[in-house]
A.B. asks: 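I have a structure here, written as structure tokens, and I will follow up with some questions on it.
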Amino acid sequence: KDIIPPLEQLMVEKEGYLQKAKIADGGKKLRKNWSTSWIVLSSRKIEFYKESKQQALSNAKTGHKPESVDLYGARIEWAKEKSSRKNVFQITTVSGNEFLLQSDIDFIILDWFHAIKNAIDRLPKD
Ligand code: I3P
């Protein structure tokens with residue numbers, strides 16, 4: 001049987017590993033818990049996979065869904081004061097979810113910051 005990739009997969013703009021901590025859900029503060037996440041950016045959303053890419057791909061076949069972040073109306077900003085770690089930025093969604101993303105490697109976090117910012121800026125404003 002042919003495997004037809006979902007449309008999103010054809011529009012992937014960037015993917016890779018970063019450190020991730022979700023710090024609010026629907027405006028409610030969460031306890032910060034950093035973990036490595038496989039992150040997939042497409043034009044309208046970011047998906048966070050808890051597992052490796054390989055694991056994520058095999059889970060996808062069984063209907064397992066990653067955490068998905070809607071970029072419409074989202075904000076992105078550097079968040080030096082939110083962590084003792086270097087190179088941290090925050091994404092805040094319209095629904096009040098807040099994520100910190102981090103890498104020790106300067107160019108990696110800069111590339112991600114600009115890729116996500118560009119994706120947000122390209123989306124229509126209401
Ligand atoms: C948190 C943990 C985080 C740390 C956070 C701590 O402790 O050490 O790594 O964030 O600091 O509260 P716990 O595991 O007991 O919840 P950073 O690594 O980003 O500094 P914070 O409370 O100042 O955010």
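Remember, it's 1-based here, ligands and their atoms both numbered in the order they're listed. Note that this is a predicted model, so its numbers are computed, not measured.
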A.B. asks: In terms of side-chain geometry, is the basic nitrogen of K20 or E67 positioned less than 4.0 Å from the acidic oxygen of its partner?
C.D. replies: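 Between E67 and K20 there is a salt bridge, with a charged N closer than 4.0 Å to a carboxylate O.
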A.B. asks: Can you check whether Y49's main-chain N or O pairs, donor with acceptor, with S37's side chain at less than 3.5 Å?
C.D. replies: yes
A.B. asks: For ligand 1, what N or O to protein N or O distances fall under 3.5 Å?
C.D. replies:
{"from": "ligand 1", "atom 1": "10 (O)", "to": "K32", "atom 2": "NZ", "distance (Å)": "3.1"}
{"from": "ligand 1", "atom 1": "15 (O)", "to": "R31", "atom 2": "NH2", "distance (Å)": "3.0"}
{"from": "ligand 1", "atom 1": "16 (O)", "to": "R31", "atom 2": "NE", "distance (Å)": "2.8"}
{"from": "ligand 1", "atom 1": "16 (O)", "to": "R31", "atom 2": "NH2", "distance (Å)": "3.2"}
{"from": "ligand 1", "atom 1": "18 (O)", "to": "W34", "atom 2": "NE1", "distance (Å)": "3.3"}
{"from": "ligand 1", "atom 1": "18 (O)", "to": "R85", "atom 2": "NE", "distance (Å)": "3.4"}
{"from": "ligand 1", "atom 1": "19 (O)", "to": "K32", "atom 2": "NZ", "distance (Å)": "2.9"}
{"from": "ligand 1", "atom 1": "19 (O)", "to": "W34", "atom 2": "NE1", "distance (Å)": "2.8"}
{"from": "ligand 1", "atom 1": "19 (O)", "to": "S83", "atom 2": "OG", "distance (Å)": "2.5"}
{"from": "ligand 1", "atom 1": "20 (O)", "to": "S84", "atom 2": "N", "distance (Å)": "3.0"}
{"from": "ligand 1", "atom 1": "20 (O)", "to": "S84", "atom 2": "OG", "distance (Å)": "2.6"}
{"from": "ligand 1", "atom 1": "24 (O)", "to": "K32", "atom 2": "NZ", "distance (Å)": "2.4"}

A.B. asks: List in chain and number order the residues that pass side chain to side chain contact (heavy atoms under 4.5 Å, CB included) with A24, two or more places apart in sequence or in another chain; answer none if no residue qualifies.
C.D. replies: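 A24 satisfies side chain to side chain contact (heavy atoms under 4.5 Å, CB included) with E98 only.
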A.B. asks: Is it the case that the side chains of T36 and Q19 hold a donor-acceptor pair, with the cut-off being a distance below 3.5 Å and no angle test?
C.D. replies: yes
A.B. asks: Can I get a per-line list of side-chain donor-acceptor pairs under 3.5 Å for residues 99-112, giving both atom names and the distance, sequence neighbours left out?
C.D. replies:
{"from": "Q102", "atom 1": "OE1", "to": "R85", "atom 2": "NH1", "distance (Å)": "3.3"}
{"from": "Q102", "atom 1": "NE2", "to": "K86", "atom 2": "O", "distance (Å)": "3.1"}
{"from": "Q102", "atom 1": "NE2", "to": "D104", "atom 2": "OD1", "distance (Å)": "2.9"}
{"from": "S103", "atom 1": "OG", "to": "I105", "atom 2": "N", "distance (Å)": "3.0"}
{"from": "D106", "atom 1": "OD1", "to": "K86", "atom 2": "NZ", "distance (Å)": "3.2"}
{"from": "D106", "atom 1": "OD1", "to": "N87", "atom 2": "ND2", "distance (Å)": "3.0"}

A.B. asks: What pairs with Y17 under ring-ring contact (aromatic ring centres under 6.0 Å, His included), at least two apart in sequence or on another chain?
C.D. replies: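 Per chain and number, Y17 pairs via ring-ring contact (aromatic ring centres under 6.0 Å, His included) with W38.
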